[in-house]
Amino acid sequence: MAKELNTREDNYSQWYNDIVIKADLAENSSVRGCMVIKPYGYAIWERMQAALDKMFKDTGHENAYFPLFIPKSFFSKEASHVEGFAKECAVVTHYRLKNDEDGKGIVVDESARLEEELIVRPTSETIIWDTYRNWIQSYRDLPLLINQWANVVRWEMRTRLFLRTTEFLWQEGHTAHATKEEAVAEAEQMLRVYTDFAEEWMAMPVLRGVKSINERFAGAVETYCIEALMQDGKALQAGTSHFLGQNFAKAFDVQFLNKENKLEYVWATSWGVSTRLMGALVMTHSDDNGLVIPPKLAPIQVVIVPIYRNEEQYHAVCDKGREIKQWLEKADIRVKLDDRDTQKPGFKFNEWEFKGVPLRIAIGPRDLEQASVEIARRDTLEKETYKVEGLVEKVRHLLDRIQKNLYQKALDFREQNTFQADTWDEFLELIEKGGFIRAHWDGTPETEQRIKEETKATIRLIPLKGKMEEGKCIYSGNPSKQRVVFARAY
RNA sequence: CGGGGCAUGGCGCAGUCCGGCUAGCGCACCUGCUUUGGGAGCAGGGGGUCGCAGGUUCGAAUCCUGCUGCCCCGACCA
């Protein structure tokens with residue numbers, strides 16, 4: 001298994017592809033733009049799901065499931081929503097195939113055309129709000145706090161494994177509230193949840209803020225987001241949370257009777273993160289030796305590699321390996337004993353390193369004699385010999401250290417790549433270097449659009465609680481009250 | 001949809017310009033022996049409608065025509 005990996009410096013995007021494919025996270029499928037998520041990659045996603053799902057439940061949400069197909073007419077009910085998604089929808093027009101009359105193959109049966117075409121959901125606001133109409137009558141039915149784990153389809157022109165695929169997996173929360181304040185608070189709360197997840201589980205520092213009008217979700221009044229900085233200096237939107245106002249309630253006629261017995265439209269939010277987080281995870285921590293997974297998300301936290309010369313030694317070190325595995329598992333540590341007799345230790349070292357396993361324990365005949373093991377850290381690549389006594393504590397401690405170290409490294413990287421620009425020339429120079437750029441902007445979509453056209457940089461976010469600071473727009477020179485964050489983005 | 005490139009065992013490629021006899025190499029795979037503390041060595045072995053359809057020719061992976069698929073770069077996007 002020769003793992004030749006492009007380096008980040010030589011070819012960043014090839015480096016990313018190599019890791020995803022060679023670490024067995026995912027591969028391209030026979031369907032253009034759609035990926036197969038392989039068991040190892042899916043195991044990481046499952047861990048993300050589990051952590052997020054618990055956070056959603058802890059904040060009062062329940063899971064439900066809505067249909068994959070959405071009647072076309074639903075889509076046109078919210079004007080800006082259609083406009084936003086129309087260009088990337090897969091449409092089901094027929095419901096039957098038949099044998100080709102020329103004898104070869106199968107064709108669409110033209111006589112089986114759907115009366116109303118179905119859209120494969122690119123997001124579920126419309127079908128969900130159509131449903132909520134029947135669920136909500138009174139203020140007593142509110143708030144309605146629902147999440148769904150689902151797949152969605154957006155017909156992208158260019159795709160990249162995890163970062164942008166035609167079909168992707170995600171969760172979408174859809175909530176209904178009696179007041180505007182409550183809905184805004186919900187959107188902000190979920191942004192907080194995403195922030196905590198990114199930082200505590202993924203060890204990925206994020207900036208929080210709101211989107212400019214240009215970048216806002218189609219149909220939202222306000223879009224909140226978390227943005228992370230990748231190692232090539234490009235920003236990646238890692239999660240979004242939307243305050244939808246009464247837009248969908250009005251479009252789908254969802255009203256409730258308030259305590260004063262008056263009909264009111266409900267207030268809405270929606271929020272989501274997707275398998276794109278897998279891409280973010282790869283690009284935040286991995287290095288030129290392969291994938292690096294933070295311990296909290298690693299499907300295998302510790303791999304034990306036995307070293308031996310003959311069958312007798314093989315059995316002896318494997319027995320010790322099994323014993324250690326049991327101790328660690330009792331402490332809720334995820335362990336794999338790689339007792340394959342078909343690969344050499346050196347091969348296994350490289351393989352598990354490439355797959356990002358946080359800790360590797362090697363046990364050989366020498367270790368048996370000295371009651372020791374060799375432990376190697378994936379994040380620092382350091383190796384050290386430890387006594388078997390107290391090993392569980394040591395491992396637990398090291399996993400914790402790795403989790404923190406990965407976060408700190410990523411945070412340092414972001415700080416080192418966050419700049420301030422006060423003039424257009426400065427901005428032009430900095431944007432070429434990559435990273436986040438804090439700069440003044442006059443607040444108009446036109447200016448943002450021009451900056452995007454001239455530099456490919458967009459406003460990633462307007463800081464939520466950013467310091468107010470008088471200044472002049474770097475592009476137009478018009479007055480500005482606050483710096484916003486620019487970057488080139490995925 | 002524009003601009004480039006590619007299509008040859010599971011994967012990565014050479015061969016194509018200048019047609020030639022049995023289509024080759026690396027990795028992976030199978031068998032055996034020796035190995036095993038950072039990607040093992042040797043020996044033997046299996047596996048190919050050279051993307052598809054026509055054409056030229058005694059003879060086509062190679063030349064001609066027409067298709068099809070994929071990748072990369074741009075416009076769109078989480």
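Numbered from 1 within each chain, the chains take letters A, B, ... in sequence-line order.
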> In terms of relative ring orientation, are F197(A) and W201(A) parallel, tilted or perpendicular, with 30° and 60° separating the classes?
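Geometry flag for W201(A) against F197(A): parallel rings.
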> Parallel, tilted or perpendicular, judged at 30° and 60°: which one describes the rings of Y194(A) and W271(A)?
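If you compare the ring of Y194(A) with that of W271(A), the planes turn out perpendicular.
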> Suppose we define a pair by two distances each less than 3.5 Å, Watson-Crick or G-U wobble; what does G59(B) pair with here?
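Pair assignment: G59(B) / none.
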> Please give the distance between the C1' atoms of U22(B) and G48(B) as a whole number of Å.
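My reading of the C1' atoms in U22(B) and G48(B) gives 14 Å.
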> Rounded to whole angstroms, how far apart are NE2 on H242(A) and P on A78(B)?
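Rounded to the whole Å, the gap is 9 Å.
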> Whole angstrom is fine here: how far is it from NZ in K452(A) over to P in G74(B)?
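In whole Å, G74(B) P lies 14 Å from K452(A) NZ.
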> Categorize Q313(A) for me: base, sugar-phosphate, or nothing, with a 4.0 angstrom heavy-atom threshold over every strand shown.
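No contact at all - Q313(A) keeps every heavy atom at 4.0 Å or more from the nucleic acid.
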> With a non-hydrogen cut-off below 4.0 angstrom, is L236(A) in contact with a base, only sugar-phosphate, or nothing?
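Nothing, no heavy atom under 4.0 Å.
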> Searching all strands shown, indicate the nucleotide that pairs with U68(B) (Watson-Crick or G-U wobble; both distances under 3.5 Å).
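Partner of U68(B): A7(B).
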> Check the orientation of F252(A) and F248(A). Use parallel for under 30°, tilted for 30 to 60°, and perpendicular for over 60°.
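Geometry flag for F248(A) against F252(A): parallel rings.
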> Using both distances under 3.5 Å as the test, list the Watson-Crick or G-U wobble partner of G48(B), or none.
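Looking at the geometry, G48(B) pairs with no nucleotide.
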> Can you tell me, in whole Å, how much space there is between the P of C70(B) and that of G24(B)?
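Looking at atom P only, C70(B) and G24(B) are 31 Å apart.
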> Within 45 degrees of the axis of the six-membered ring of F168(A) and under 6.0 Å from its centre: does R276(A) put its NZ or CZ there?
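Negative - R276(A) is either too far from the ring of F168(A) or too far off its axis.
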> Whether R32(A) contacts C70(B) is assessed here as follows: a side-chain N or O lying under 4.0 Å from the phosphate OP1 or OP2. Is that the case?
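So the side chain of R32(A) is within the cut-off, an N or O lying under 4.0 Å from OP1 or OP2 of C70(B).
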> With distance as the sole criterion, do the side chain of Q343(A) and the base of G39(B) form a donor-acceptor contact below 3.5 Å?
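Under the 3.5 Å cut-off, the side chain and the base do not form any donor-acceptor pair.
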> Mind checking the C1' distance from G4(B) to A61(B)? Whole angstroms is fine.
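Pairwise C1' distance, G4(B) against A61(B), rounds to 24 Å.
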> Between C50(B) and G12(B), how many Å separate the two C1' atoms, rounded to a whole number?
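The same atom, C1', in both gives a distance of 16 Å.
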> Rounded to the nearest angstrom, tell me the gap between atom CG in D24(A) and atom C1' in A28(B).
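Between C1' of A28(B) and CG of D24(A): 14 Å.
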> With nearest nucleotides of RNA chain B determined for M157(A) and R160(A) from heavy-atom distances, which residue corresponds to the more 5′ nucleotide?
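With M157(A) and R160(A) compared, the 5'-side residue is R160(A).
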> Counting the atoms with a prime plus P, OP1 and OP2 as sugar-phosphate, which does T166(A) contact under 4.0 Å by heavy atoms, base, sugar-phosphate, or nothing?
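Here T166(A) touches no strand at all.
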> Take atom C1' in C11(B) and the same atom in G47(B), then report the distance between them in whole Å.
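C11(B) and G47(B) have their C1' atoms separated by 14 Å.
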> Under 4.0 Å, heavy atoms only, any strand: does K211(A) hit a base, just the sugar-phosphate, or nothing?
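Counting heavy atoms under 4.0 Å across all strands, no contact is made by K211(A).
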> Can you tell me how far P of G39(B) sits from NZ of K22(A), to the nearest Å?
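Taking atom P of G39(B) as the reference, NZ of K22(A) is at 18 Å.
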> In whole Å, what is the span from the OH atom of Y224(A) to the C1' atom of A78(B)?
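That distance rounds to 19 Å.
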> Can you classify the ring geometry of F243(A) versus W267(A) as parallel (below 30°), tilted (30 to 60°) or perpendicular (above 60°)?
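Parallel, since the angle between the ring planes stays under 30°.
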> So what does Y314(A) hit on the nucleic acid, given a heavy-atom distance under 4.0 Å: a base, only sugar-phosphate, or nothing?
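Since no nucleic acid heavy atom lies under 4.0 Å of Y314(A), the category is nothing.
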> Send over the distance from N289(A) CG to G38(B) C1', rounded to a whole Å.
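Distance check: N289(A) CG to G38(B) C1' gives 11 Å.
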> What nucleotide among G38(B), G37(B), A75(B) has an atom nearest to a side-chain atom of E353(A)?
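Of the candidates, G38(B) comes closest.
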> Report yes if a side-chain nitrogen or oxygen of K344(A) is closer than 4.0 Å to either non-bridging phosphate oxygen (OP1 or OP2) of A40(B); otherwise report no.
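Yes, within the criterion.
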> Flag the pair D287(A) and R378(A) as a salt bridge only when some basic side-chain nitrogen lies within less than 4.0 angstrom of an acidic carboxylate oxygen.
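Salt bridge between D287(A) and R378(A), a charged N being under 4.0 Å from a carboxylate O: yes.
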> If you only use heavy atoms from C-beta on, which nucleotide in G38(B), A78(B), A75(B) is closest to the side chain of E156(A)?
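In terms of side-chain proximity for E156(A), the closest of G38(B), A78(B), A75(B) is A78(B).
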> Counting side-chain heavy atoms from CB outward, which of G38(B), U36(B), A78(B) is closest to R154(A)?
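Comparing G38(B), U36(B), A78(B) against the side chain of R154(A), the answer is A78(B).
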> Given A75(B), U36(B), G38(B), which nucleotide is nearest the side-chain atoms of I307(A)?
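Per side-chain heavy atoms of I307(A), the pick is U36(B).
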> Examine K355(A) relative to Y40(A) and say whether NZ or CZ is less than 6.0 Å from the centre of the six-membered ring and inside a 45° cone about the ring axis.
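Yes - K355(A) lies over the ring of Y40(A), closer than 6.0 Å to its centre and within 45° of its axis.
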> With a non-hydrogen cut-off below 4.0 angstrom, is R360(A) in contact with a base, only sugar-phosphate, or nothing?
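Base contact.
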> Determine the Euclidean distance between corresponding P atoms of G10(B) and C1(B); express it in Å to zero decimal places.
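So the two P atoms sit 32 Å from each other.
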> Find the distance Y490(A):OH to G74(B):P and express it as a whole number of Å.
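In whole Å, G74(B) P and Y490(A) OH are 12 Å from each other.
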> Please give the distance between the P atoms of G51(B) and C42(B) as a whole number of Å.
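Those two atoms are separated by 33 Å.
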> With heavy atoms under 4.0 Å as the rule, sort D367(A) into base, sugar-phosphate or nothing.
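If one applies the 4.0 Å heavy-atom cut-off, D367(A) turns out to touch a base.
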> Any idea which of A78(B), G37(B), C76(B) is nearest the S274(A) side chain?
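Side chain of S274(A) sits closest to A78(B).
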> For D341(A) and T240(A), take the nucleotide of RNA chain B holding the closest heavy atom to each; which residue's nucleotide lies nearer the 5' end?
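Checking each residue's closest nucleotide, the 5'-ward one belongs to D341(A).
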> Return the pairing partner of C1(B) with a 3.5 Å limit on both distances, Watson-Crick or G-U wobble; otherwise return none.
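Paired with C1(B), as far as the under-3.5 Å criterion goes, is G74(B).
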> Does U36(B) have OP1 or OP2 under 4.0 Å away from a side-chain N or O of R309(A)?
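R309(A) to U36(B) OP1/OP2: side-chain N or O found under 4.0 Å.
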> Looking at G37(B), which nucleotide sits across from it as a Watson-Crick or G-U wobble partner, both distances under 3.5 angstrom, or is there none?
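Result: none.
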> Going by purine N1 to pyrimidine N3 plus the second Watson-Crick contact, or the G-U wobble pair, all under 3.5 Å, which nucleotide sits opposite C21(B)?
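C21(B) is unpaired by these criteria.
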> Take F217(A) and F85(A) through the test ring pair (Phe, Tyr, Trp, His ring centres under 6.0 Å) and record every step on the way to the result.
CA-CA 10 Å; F217(A) 175 73; F85(A) 286 104; 5.8 Å; yes
> Across all strands, who's sitting opposite G32(B) as a Watson-Crick or G-U wobble pair, both distances under 3.5 Å?
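WC or wobble partner is C42(B).
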> To the nearest angstrom, how far is E227(A) atom CD from A78(B) atom P?
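Value for this atom pair: 10 Å.
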> Rounding to the closest angstrom, what is the interatomic distance between A28(B) and A43(B) at atom P?
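Between the two P atoms, the distance is 15 Å.
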> Search all heavy atoms of R216(A) against all heavy atoms of T223(A) and return the closest pair with its distance.
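Minimum heavy-atom contact is CG-OG1, 3.4 Å.
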